[in-house]
Student: 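First the structure, then my questions, so here it is.
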Protein chains: 2
Amino acid sequence: MAEDFSLGTVKVALSPLARLEEYLRSRGMRMTQQRRCLLDHVFSRHEHFDADSLIEQMPSSGREGHVSRPTVYRTLNEFVDAGLLRRFQLGGRSMYEHDYGYPQHDHLHCLECQKLIEFKSDELLELRSHVARENRFHVTGHRLIISGICEDCRRGQRRMRRRAGVG
Amino acid sequence: MAEDFSLGTVKVALSPLARLEEYLRSRGMRMTQQRRCLLDHVFSRHEHFDADSLIEQMPSSGREGHVSRPTVYRTLNEFVDAGLLRRFQLGGRSMYEHDYGYPQHDHLHCLECQKLIEFKSDELLELRSHVARENRFHVTGHRLIISGICEDCRRGQRRMRRRAGVG
DNA sequence: CTCAGTGCAAATAGTTTGCACTGAC
DNA sequence: GTCAGTGCAAACTATTTGCACTGAG
């Protein structure tokens with residue numbers, strides 16, 4: 001219990017699994033195969049994803065480890081509540097990314113290939129609290145997406161990806 | 001035709017109507033009662049709105065000036081193409097605001113009453129181009145939404161509005 | 001008089017829900 | 001054994017589309 005886990009760059013006291021267990025226990029909810037499968041899958045890589053691409057990547061119906069569509073949606077909502085995932089909207093669909101153990105960041109969004117590029121900016125956080133103070137506003141979070149064309153696409157490798165998903 | 005129109009704070013050479021007419025002409029599209037009604041309504045106030053609240057505010061079915069739901073959606077898309085409106089996502093639905101003749105700005109979003117408060121920040125634009133340069137990214141736009149609780153709601157006047165819409 | 005635009009109803013995409021069965025505790 | 005969780009099908013919300021009719025040029 002004294003070990004620190006490093007996911008991305010933020011040190012956290014618990015693994016995502018332990019964190020989920022804690023969350024579930026505190027709410028009288030149960031740890032199930034489905035929740036564990038989804039957690040494993042989601043935290044096995046740092047990636048932006050939507051419900052659909054997650055479902056595609058998981059074992060398909062009938063196979064070991066399959067999770068039904070409604071359960072995927074339900075569980076993603078739980079993970080967001082548990083502080084494990086962050087949700088944001090991109091082009092009308094919900095996108096998810098790691099929240100727990102992963103530093104706050106923002107995105108460049110390529111309109112050509114849909115790629116998301118992460119960046120971090122302390123200035124933005126300053127700007128945020130400055131604006132909030134001016135407007136007597138109590139900030140809980142923010143979302144900045146800068147859209148445009150990435151370098152690869154400007155060089156001509158166009159329309160190579162259809163969905164967001166960053167390596 | 002030499003008159004300048006001031007909408008918000010940016011001076012533009014054409015009224016929104018003239019701008020739309022130009023856009024339509026350039027595409028072989030026609031000026032119709034529906035397009036004119038929607039344009040009038042949309043540019044009669046500076047407001048954030050979604051398709052649903054626009055439809056609610058327009059004359060209802062049967063009455064003079066009514067526009068059907070599909071046409072509202074079609075026309076909003078055209079207005080976005082024409083550079084008259086800007087579209088952004090908020091809680092899974094499309095929100096629209098003036099683009100033409102209205103200065104670039106961003107929003108504080110109250111999670112309690114759904115109110116949107118506009119703010120403008122030149123620093124943000126600097127930050128934007130800085131980040132873009134670092135990532136060799138060609139920027140075409142951005143969207144920043146800072147979420148939290150507005151002053152009114154912190155003072156206890158809660159859940160008074162259901163939809164976004166700022167006076 | 002022609003072709004773009006409209007309204008209607010139906011389709012679609014993403015997501016959520018009701019319900020009877022299953023399995024974690 | 002009990003109650004939370006699941007899968008299924010169906011519902012739901014926001015938006016788009018096909019088609020026959022209407023009206024702007």
Side-chain angles (χ1 to χ4, degrees), chain A residues 17 20-39 48-56 58-82 85 87-96 114 162-164, chain B residues 17 20-39 48-56 58-82 85 87-96 114 162-164:
Chain A
L17 179 60
L20 178 59
E21 280 171 340
E22 188 178 82
Y23 170 83
L24 294 176
R25 204 172 320 115
S26 76
R27 302 247 193 152
M29 296 164 76
R30 294 166 184 178
M31 175 54 74
T32 61
Q33 290 195 341
Q34 288 84 342
R35 284 180 181 137
R36 202 187 309 266
C37 284
L38 285 166
L39 189 79
H48 305 91
F49 62 93
D50 57 19
D52 236 49
S53 57
L54 177 58
I55 289 161
E56 264 177 39
M58 299 281 296
S60 54
S61 186
R63 289 202 284 125
E64 173 72 28
H66 172 71
V67 179
S68 72
R69 182 174 295 273
T71 297
V72 168
Y73 277 102
R74 278 187 280 237
T75 306
L76 286 173
N77 287 333
E78 290 161 12
F79 286 2
V80 170
D81 280 355
L85 294 179
R87 192 206 324 267
F88 61 99
Q89 303 290 133
L90 197 66
R93 53 157 41 80
S94 289
M95 298 289 301
Y96 299 86
Q114 303 301 314
R162 271 192 41 256
R163 290 255 162 101
Chain B
L17 179 60
L20 178 60
E21 280 171 341
E22 188 178 81
Y23 170 83
L24 294 175
R25 206 172 319 115
S26 77
R27 301 247 193 154
M29 297 164 76
R30 294 167 184 177
M31 175 54 74
T32 61
Q33 291 196 343
Q34 287 85 340
R35 284 181 180 136
R36 202 188 308 267
C37 285
L38 285 166
L39 189 79
H48 308 90
F49 61 92
D50 58 18
D52 235 48
S53 58
L54 176 58
I55 289 161
E56 265 176 38
M58 299 280 297
S60 54
S61 186
R63 289 201 285 123
E64 173 72 28
H66 171 71
V67 179
S68 73
R69 184 173 292 274
T71 297
V72 169
Y73 278 103
R74 278 187 279 237
T75 306
L76 287 173
N77 286 333
E78 289 161 11
F79 287 3
V80 171
D81 281 355
L85 294 179
R87 191 207 322 268
F88 61 99
Q89 302 291 132
L90 197 67
R93 53 158 41 81
S94 288
M95 298 289 300
Y96 299 85
Q114 303 301 313
R162 269 191 45 257
R163 290 253 161 104

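So that the names make sense, note that chain A is the first sequence line, chain B the second, and so on, each numbered from 1.
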Student: Between C:dT15 atom C1' and A:M95 atom CE, what is the distance in whole Å?
Tutor: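 Going from A:M95 (CE) to C:dT15 (C1'), I get 16 Å.
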
Student: At a cut-off of 3.5 Å, list every protein nitrogen or oxygen paired with a nitrogen or oxygen from nucleotides 3-5 of chain C, distance to 0.1 Å.
Tutor:
from, atom 1, to, atom 2, distance (Å)
C:dC3, O2, B:R30, NH1, 3.1
C:dG5, OP1, B:R30, N, 3.4
C:dG5, OP1, B:R35, NH1, 2.7
C:dG5, OP1, B:R35, NH2, 2.8

Student: A:D50 has an atom CG; how far is it from atom C1' of C:dA13, in whole Å?
Tutor: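 Atom CG in A:D50 sits about 12 Å away from atom C1' in C:dA13.
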
Student: Tell me: CZ of B:R36 to P of C:dT6, nearest whole Å?
Tutor: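 One finds 12 Å between P of C:dT6 and CZ of B:R36, rounded.
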
Student: What integer distance in Å separates B:Q89:CD from C:dA13:P?
Tutor: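 Rounded to the whole Å, the gap is 17 Å.
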
Student: From the options D:dC8, D:dA24, D:dT16, select the nucleotide whose nearest atom is closest to the side chain of B:P70.
Tutor: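 Nearest to the side chain of B:P70 among the choices is D:dT16.
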
Student: Can you tell me if B:S94 touches the phosphate of D:dA14, counting only side-chain N or O atoms and a distance under 4.0 Å to OP1 or OP2?
Tutor: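 Checking B:S94 against D:dA14: no side-chain N or O falls below 4.0 Å of OP1 or OP2.
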
Student: Thinking salt bridges, do A:D50 and A:R87 make one under a 4.0 Å N-O criterion?
Tutor: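 Between A:R87 and A:D50 there is no salt bridge, as every charged N stays at least 4.0 Å from the carboxylate O atoms.
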
Student: Rounded to whole Å, how long is the line connecting atom CD of B:Q33 with atom P of D:dG23?
Tutor: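 Computing the B:Q33:CD to D:dG23:P distance gives 8 Å.
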
Student: Can you name the closest pair of heavy atoms from A:H48 and A:F88 and give their distance?
Tutor: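 In this case the closest contact between A:H48 and A:F88 is CD2-CZ, 4.2 Å.
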
Student: Using side-chain heavy atoms (C-beta onward) and a distance below 4.5 Å, is A:T75 in contact with A:Q34?
Tutor: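 Side chain of A:T75 against side chain of A:Q34, heavy atoms only: no contact under 4.5 Å found.
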
Student: Please report, rounded to the nearest Å, how far the P atom of D:dA14 is from the CG atom of B:L90.
Tutor: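 Value for this atom pair: 13 Å.
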
Student: As an exercise, state the distance from CG of A:L38 to OG1 of A:T71, rounded to the nearest 0.5 Å.
Tutor: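 Spacing of CG (A:L38) from OG1 (A:T71) equals 8.5 Å.
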
Student: For B:I55 and C:dT6, what is the distance between atoms CD1 and P respectively, to the nearest whole Å?
Tutor: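 Those two atoms, CD1 and P, are 14 Å apart.
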
Student: For B:I55 and B:F49, run side-chain contact (heavy atoms from CB on, under 4.5 Å): C-alpha distance rounded to whole Å, both residues' side-chain angles, the deciding distance at 0.1 Å, then the answer.
Tutor: CA-CA 10 Å; B:I55 289 161; B:F49 61 92; over 6 Å; no

Student: Give a yes/no answer on whether the side chain of B:Y73 brings an N or O atom under 4.0 Å of OP1 or OP2 in D:dT16.
Tutor: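 No, outside the criterion.
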
Student: Search all heavy atoms of B:Q89 against all heavy atoms of B:S94 and return the closest pair with its distance.
Tutor: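 Closest approach of B:Q89 to B:S94, heavy atoms only: OE1-OG, 3.2 Å.
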
Student: Give a yes or no answer on whether the side chain of B:R93 reaches the backbone of A:G92 with a donor-acceptor pair at less than 3.5 Å.
Tutor: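 Flag not set: sc B:R93 to bb A:G92 has no pair under 3.5 Å.
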
Student: Do A:R74 and D:dG7 share a donor-acceptor pair, side chain to base, under 3.5 Å?
Tutor: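 Per atom types, the contact qualifies.
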
Student: Round to the nearest Å and state the distance from B:N77 atom CG to C:dT6 atom P.
Tutor: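 Distance, rounded to whole Å: 13 Å.
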
